[in-house]
Every structure is written in C-alpha cells, then in structure tokens.
Enquirer: 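Structure in structure tokens, see below.
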Amino acid sequence: MFFRFRIFCGRFSDHKVFDYVILFCIGLNCITLAMERPSVPPKSLERDILVVSNYIFTVIFAIEMGLKTVGHGVFVGEEPYCESGWNIMDGILVIISLVDVFIALVFPSNSPKIFGILRVFRLLRSLRPLRVINRAPGLKLVVETLLTSLRPIGNIVLISAIFFLIFGILGVQLFKGTFWYCVGPPSLIKGVKNRTDCENLRLNGAVGVNWINRKYNFDNVGQALMALFVLSSKDGWVQIMYNGLDAVGVDLQPVENFNEWRLLFFISFLLLVGFFVLNMFVGVVVENFHRCREEQEAEERARRAVKRAERLERKRQKMRAPPYYANYSRIRLYQHNVVTSKYFDLAIALVIGLNVVTMAMEYYLMPNELLYALKIFNYFFTAVFFFEAFFKLVALGIKRYISDRWNQLDVAIVVLSVVGIILEEMENDIIPINPTIIRVMRVLRIARILKLLKMARGIRALLDTVFQALPQVTNLGTLFFLLFFIFSTLGVELFGRLECDDQHPCEGLGEHAHFRNFGMAFLTLFRVATGDNWNGIMKDALREDCRSDDACITNCCVSPIIAPIYFVIFVLLAQFTLVNVVVAVLMRHLQESNQIMRDDVLLDEEIERELHLEHIRQMNRHDAESLRRQSCAPSEMHDNIDDRQRDFLVKPGPASFRQARIESESMDDIRVVPPRGSLNAPKQDNTARSWPNLTTAGGQHRTPSIPAVTD
C-alpha cells in the first residue's frame, strides 16, 4: 500500500501541470513579498491578508516538498530529493518558512526578542523567488553556467584580494585617524586648528559645531577596504582622494591640498586595481562563462549544423530550379527588375533620408507656412512609400512579399502613415478625436527611420544577432530581475525606516531614492547598478544618528557591517558581473553571426561554381552525342569546347571563380584553374573521360577527351 502511495506521489510531483501550479504559486508569493513594507499598520486588513497568504504559501510549498521526498526518497532512491542542490535550497527555504510560521503562531510577537527573530526570518523569506530557477530550464542552465565559471577563478580572486589588502594596509599607515574634521558654520570654525579647538567651541555653546569622522576612512583595515572598493567602482572616488590630500594628522583640522604627493596612492590604486585587476576579473569570469556554455551547448551546435546542411541543400535546389519570375510577362518582369535593382533601393534610401530631415525640422511654435510645407512633404513621402510597397507587392506576389519581415515593417509603416493622415484630416468639431491619438500617430512616423536598416546589410546582421541572442539574454534578464527583486525586498526590510529630513540630512537617499516601498527600492537599486551616487546611498545606510534596536519604528538603521555587505555584493553582481556577461553574450553572437555571413557567401560562391561547371560538362556531353550522331569533324568539336570555356570565363559569377584561367597544353587536356589563394581550392583530377573513336575527314582515327576540370 505504501509502495503504491510512493509511486502516486512520485508521478504526481513529476507531472508538468504540478510544476506549473507551483511556479504560479511562487509568482503569487513574489507579489505578496513585493507588497510588504514597514508602513503597513499591524492591525489593518492588508496586514492580515499578507499574513494569511504567507501561511497558505508555506503550506503549499511544504506539501510539494513532502510529495517529492515521499515519492523519490530523501537520500536513497533512483532520484532522491537531496541529490540535487536546487532541491536542497528549496528544502532549506521551506524549513525556514515553517519555523517562521511556528514562531509567529506560538510566541507573542510583541516581545522585542521574538520580533527580532521574526525580522530575520522575514529577511530570509525574500529568498523564495530563487525557487523559480529550479523550474525554468533555460534560467537554470545560465545559473549553473555562471556558478561553474566562478570555480576556476581562484587565482584572479586571490590576486584581487592581495592588491586590495596591500593598498588597504598602506592606506591605514598613511591616513589612520586623519580623516576626522570639525563641522559647523564656516564663520565659527575658520580658526579651528585641531580637535581641542573644535570641542571648546562646542562647549562654549556654538550651534552645529562637532568633531566627526568621514564615512569612508582608513582607521582600520575593514574601513580601508570599504573605501577602496568605492574607489574601484569610480563613483565618488574624487572626494575620497581630496580628503586624503587635505589630511594633516591625528586630531588635526584638514588643510586644503596639504600633501599633494598622496595623489600617487590613489592614482596607483585606480590604475592597478580599478582599471586592470577588476577588469581582468570580469574578463576571466566572462571567458569561463563562454567555455562552460560551449560545453553545455553541444546538442545545440549539432542542431545548428543540421539546419545549416538543410539550408545548403535548399539553396542548391533553389539555384538549380528555374527562377520564380520565369513565367512573368514582359511588363511584370520589367517591374520586377526595377524594384529589385540597387538603384531603386538607393532612391528609396534618399527619400527616407529627406523624410528624416523634414521630421527633424519640426519645433515648438512653428510658423504656419512651415507647418503647411511639412504637411505636404508628409503626404509626398507617404505616397512614395505606398507606391513602393504596391509595386513590390505586384512584382513579387503577395506570399513572397509578406514572407519577408522587412516588407512586413514597410506595410505597417504605410498603414500607420495613411491612418495618421486620415485622422488628421478628420479632426474637426463634427467628429471629435482624442488629440493623444493624433500625437501617437505622429510619433509613429519615426518608425520610417527603420526602413534605412533594410538597406544596410551590416546593421541587419547586427539586429539578427540581437534576435538570435534573445533567448540567452532573456534568461540573463530574468536572472537580473530576480537579483533586483530579492535585493529590493531585502532593502525594504533593512532600510525602509530610514528618515531623510532637516533633522536627518541624507546624501544619497531622498524623495526620488528610498527603500520605503518595493517600487522605489527597485528604482533605487537600478540607480545603484548604473553607478550614480551609490556611495552616497551607502553613506546614509551607515548613519549613526538612528536607532538599531528591534523595537524601532521610525529612523531605524541596521548594523554598520550589514549595510556595506548588502551594497558591495549587489554592486559586484549587478554592476561588474551580470552586465558584462550580457554584453559578452551579445558580442559572442555577433562574432558567430559574422562568421555565418562569411560562410553563407562562400557557400553561395561554391554552389554557383558547381552549377557553372556542371553546365559546362552537360554541354560537352551534348556536343559529344551530337558528334557521334553526325560524325562531325573533331576540330569543329574542339572549337565548340574552346568557345564554351571562353564564355564560361567571361560569364559573371563569383569573384573567386570569375578570374579563373585556362591552361591549355593540348587540345586533349584543358584544365580550369582557379586563382591562387582562393578558398576551396580545387584538387586536380587528371582522369580523362574517353570519347568514342571518331574518324576524321583524312581517315585518321582520333579519340578526343572531355576537358578534365579541376574540382
């Protein structure tokens, strides 16, 4: 009975529908996590909904874990639960959630100690979105590749750590205790020379005067490493450098540019670590990522090879078959030749360029004459694009024309332009039209610029590369979103109660950058990822005029150790690693796309060359049959062969074969030799194909041979 129950649990938990349901529940749980914020009242309906939903999701995930452990076993079985590291991570998160629910239900939450424990579990609850990775194969492959690529970088990590440690120790020896300064009104602290003068002013009742230390200093190795990391990120490094130049000594007021030779310390660190070591670290990570990705994409490369062979065969069949315009009438054939010529494309490109110029001429408060002229130009350009699409549609046929994505873009642009003109003409008091629709249609005219991309083959190849890289970039983008989501929920829990007002001034946080809700926390982290004043935001998180106890409600801060760890890890992952991996993936696909383009050109040349040679052989065989039937003179036959070889040489074809030369040693041995240095150099084939014995007019017997073509 239990064995059947285990089989049922295993099949049920392995079903795809079950995975989709769990993935849907994870998505709903992420929404509830995003709704968490410190400003939610404890006894409100929203808080009750969030608490109940947490219990429900915990029960669902616990049931999932139970089914998998019963169906597959924990440690023993065909596919035990703990065999996969992702299952272990899921199990740990489920156990943490169960402990969180147990403490919340059993112990009173008004106790400060219990509240502190619950806060820790709320922080760990933010890691639940990681469960998505185990259920998304593409995302799972990217994460495993990244983790695998991080293993062999021990040497570069050791080098980076050594450089940071060397400069950190040197910075402590140079600047320990020298970054303290007296702050206050400039008129009061003008004569301050040391700490004693500053404290005397404060004791004498001077308002706002205090002896404080800078947030980024070199008082110990830990503070020095944090300051050096800010320097290496190149955000706010100038202020730290000037603070070092102004430092005079321990308990002494800084003096502007007191020791300019200290500039060498900061410049040397930026050159060696900021520019060289960290970029080398990123390069090693990206290179290992590509190497691991290549090992995991063997099947994908095999599929690409099969598709390439199929594409080559289709090209051969297409080139052997008669062209699709073989049965066109003379008028339609002439129209086809016009719309497919390069001069027609150049004319359309010129019209598009003029259209871009006219669109750029618009400005605020234009005179009516210019407005009318631009309107006429718009009608003209719309008519040109309409007739271009119409003529191509007639010349190529509906099916062939619509099958091209760029032609679909042309049709969409023409339709939008025509609809925009109709809406502009209908805009009156009788038929009221929302002005927003008119503005949207005018903005969509900018899409005409995209028609220029159709003319540039290199830009089209770049866009094709971006589209080919979209699956990988999408997985990396999903990983990016998970990173931002997790750190946003953590940021709301850690820094959501920080206040920024006149009593508590902030350097980075403010009205447009804070952690009081999930949305603004997400935008703030995006600002941190771009490197815009993230050191100021970390300064605000390191403030001292705040409360760090568990019962704090307003102006609450965390440990001065947690805040640097939070921001340093996020900057390393988002700003240094993932962004560079995305760029590297795009560059790798661009390189592969360029190689594929070159291979396609060579394939086309090779196919055309094969067709030309096959045509010559067929014509030679046809002449042989004619000579056998008609018993014509051999000299006439060889003259025909020479004429065809000569026609073949002057016949337009691939550049590598067009310059082929004929080496004729005798009338019986004619070889076509490609130019030196061409790709796919033919191998000499001296095998002669014998003709039947022919009798000349003089009675002599002669056996001419088919020219041996090097192939």
Side-chain angles (χ1 to χ4, degrees), residues 159-184 186 189-190 192-195 198 210-282 505-509 527-544 560 563-564 567-568 570-572 575-576:
I159 292 174
S160 303
I162 289 175
F163 271 97
F164 269 93
L165 191 59
I166 290 174
F167 278 93
I169 294 173
L170 184 59
V172 171
Q173 298 300 319
L174 290 175
F175 306 111
K176 59 181 178 182
T178 61
F179 275 41
W180 291 78
Y181 69 105
C182 186
V183 62
I189 65 173
K190 186 176 182 180
V192 173
K193 301 296 183 181
N194 51 40
R195 181 173 184 172
C198 183
N210 197 8
W211 184 259
I212 62 175
N213 194 9
R214 301 190 185 275
K215 289 293 187 295
Y216 302 130
N217 55 70
F218 293 85
D219 290 350
N220 53 65
V221 175
Q223 293 285 347
L225 291 178
M226 183 175 67
L228 290 176
F229 183 79
V230 175
L231 279 171
S232 65
S233 69
K234 295 178 281 294
D235 176 47
W237 69 275
V238 176
Q239 187 59 45
I240 299 176
M241 181 185 68
Y242 283 130
N243 292 338
L245 299 183
D246 299 342
V248 177
V250 178
D251 292 340
L252 296 178
Q253 179 72 0
V255 177
E256 185 176 353
N257 295 333
F258 177 76
N259 191 345
E260 296 180 350
W261 288 102
R262 293 172 181 169
L263 181 71
L264 297 176
F265 171 82
F266 298 98
I267 298 299
S268 300
F269 177 79
L270 279 176
L271 290 177
L272 291 175
V273 180
F275 291 108
F276 177 67
V277 175
L278 285 182
N279 287 312
M280 186 169 59
F281 169 80
V282 173
C506 296
E507 297 187 34
L509 297 177
R527 177 176 173 179
V528 171
T530 60
D532 179 39
N533 195 26
W534 76 269
N535 73 95
I537 297 175
M538 188 166 70
K539 279 184 185 179
D540 297 333
L542 292 171
R543 65 168 55 172
E544 297 177 356
F567 286 101
V568 167
F570 180 79
V571 170
L572 276 176
Q575 191 173 341
F576 285 98

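All residue numbers refer to positions in the sequence shown, counting from 1.
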Enquirer: Going from CH2 on Trp211 to CD on Gln253, what distance comes out if it is rounded to the nearest 0.5 angstrom?
Expert: 5.5 Å
Enquirer: Any chance you could lay out the side-chain contact (heavy atoms from CB on, under 4.5 Å) test for Leu228 and Val273, step after step, and finish with the verdict?
Expert: CA-CA 9 Å; Leu228 290 176; Val273 180; over 6 Å; no
Enquirer: Using a 6.0 Å cut-off, check whether atom NZ of Lys234 has over 12 heavy atoms from anything other than its own residue.
Expert: yes
Enquirer: Would you please test Leu263 and Met241 for side-chain contact (heavy atoms from CB on, under 4.5 Å) and show each step?
Expert: CA-CA 7 Å; Leu263 181 71; Met241 181 185 68; 3.0 Å; yes
Enquirer: So which heavy atom on Ala224 is nearest to which on Phe218, and how close?
Expert: CB-CD2, 3.5 Å
Enquirer: Show the nearest heavy-atom pair for residues Val250 and Lys176, with the distance to one decimal.
Expert: CG2-O, 3.7 Å
Enquirer: As a test of understanding, state which of Val230, Val571, Asp235 forms a side chain to side chain contact (heavy atoms under 4.5 Å, CB included) with Met538.
Expert: Val230
Enquirer: Are the side chains of Phe275 and Leu270 in contact, using a 4.5 Å heavy-atom criterion?
Expert: yes
Enquirer: Return the CZ to CD distance between Arg214 and Gln223, rounded to the nearest 0.5 Å.
Expert: 14.0 Å
Enquirer: Quick one: list whatever passes ring-ring contact (aromatic ring centres under 6.0 Å, His included) with Phe570, sequence neighbours left out.
Expert: Phe484, Phe487
Enquirer: What distance do Leu225 atom CG and Ile169 atom CD1 have between them, rounded to the nearest 0.5 Å?
Expert: 8.5 Å
Enquirer: Check ring-ring contact (aromatic ring centres under 6.0 Å, His included) between Tyr181 and all other residues, then give those that pass, not counting sequence neighbours.
Expert: none
Enquirer: With heavy-atom distances below 4.5 Å as the criterion, would you say the side chains of Asn243 and Pro254 are in contact?
Expert: no
Enquirer: Kindly state whether the ring of Phe167 and the ring of Phe265 have centres lying under 6.0 angstrom apart.
Expert: yes
Enquirer: Measure centre to centre between the rings of Phe266 and Phe175, then say whether the value is under 6.0 Å.
Expert: yes
Enquirer: Is the shortest side-chain heavy-atom distance between Phe164 and Ser232 below 4.5 Å?
Expert: yes
Enquirer: Passes side-chain contact (heavy atoms from CB on, under 4.5 Å), Asp219 versus Trp180? Steps please.
Expert: CA-CA 10 Å; Asp219 290 350; Trp180 291 78; 3.6 Å; yes
Enquirer: Just verifying a value: how many Å separate Ile537 CD1 and Asp540 CG, rounded to the nearest 0.5 Å?
Expert: 7.5 Å
Enquirer: For a side-chain contact (heavy atoms from CB on, under 4.5 Å) check, start with the C-alpha distance between Asp246 and Val255, then their side-chain angles and the critical distance, and finish with the verdict.
Expert: CA-CA 5 Å; Asp246 299 342; Val255 177; over 6 Å; no
Enquirer: How far does CG of Asn210 sit from CD1 of Ile189, to the nearest 0.5 angstrom?
Expert: 11.0 Å
Enquirer: For the backbone of Gly222 and the side chain of Asn220, can you confirm whether one donor and one acceptor N or O come within less than 3.5 Å of each other?
Expert: yes
Enquirer: Between Tyr216 and Gly236 (side chain of the first, backbone of the second, donor and acceptor by atom type, cut-off under 3.5 Å), is there such a pair?
Expert: no
Enquirer: Nearest heavy-atom pair of Val277 and Ser160: which atoms, and what distance?
Expert: CG1-OG, 3.1 Å
Enquirer: About how many Å separate NZ of Lys539 and CH2 of Trp534, when rounded to the nearest 0.5 Å?
Expert: 11.0 Å
Enquirer: Without swapping roles, check the side chain of Asn533 against the backbone of Glu507 for a donor-acceptor pair under 3.5 Å.
Expert: yes
Enquirer: Got a donor-acceptor contact below 3.5 angstrom from the Asn217 side chain to the Phe179 backbone?
Expert: no
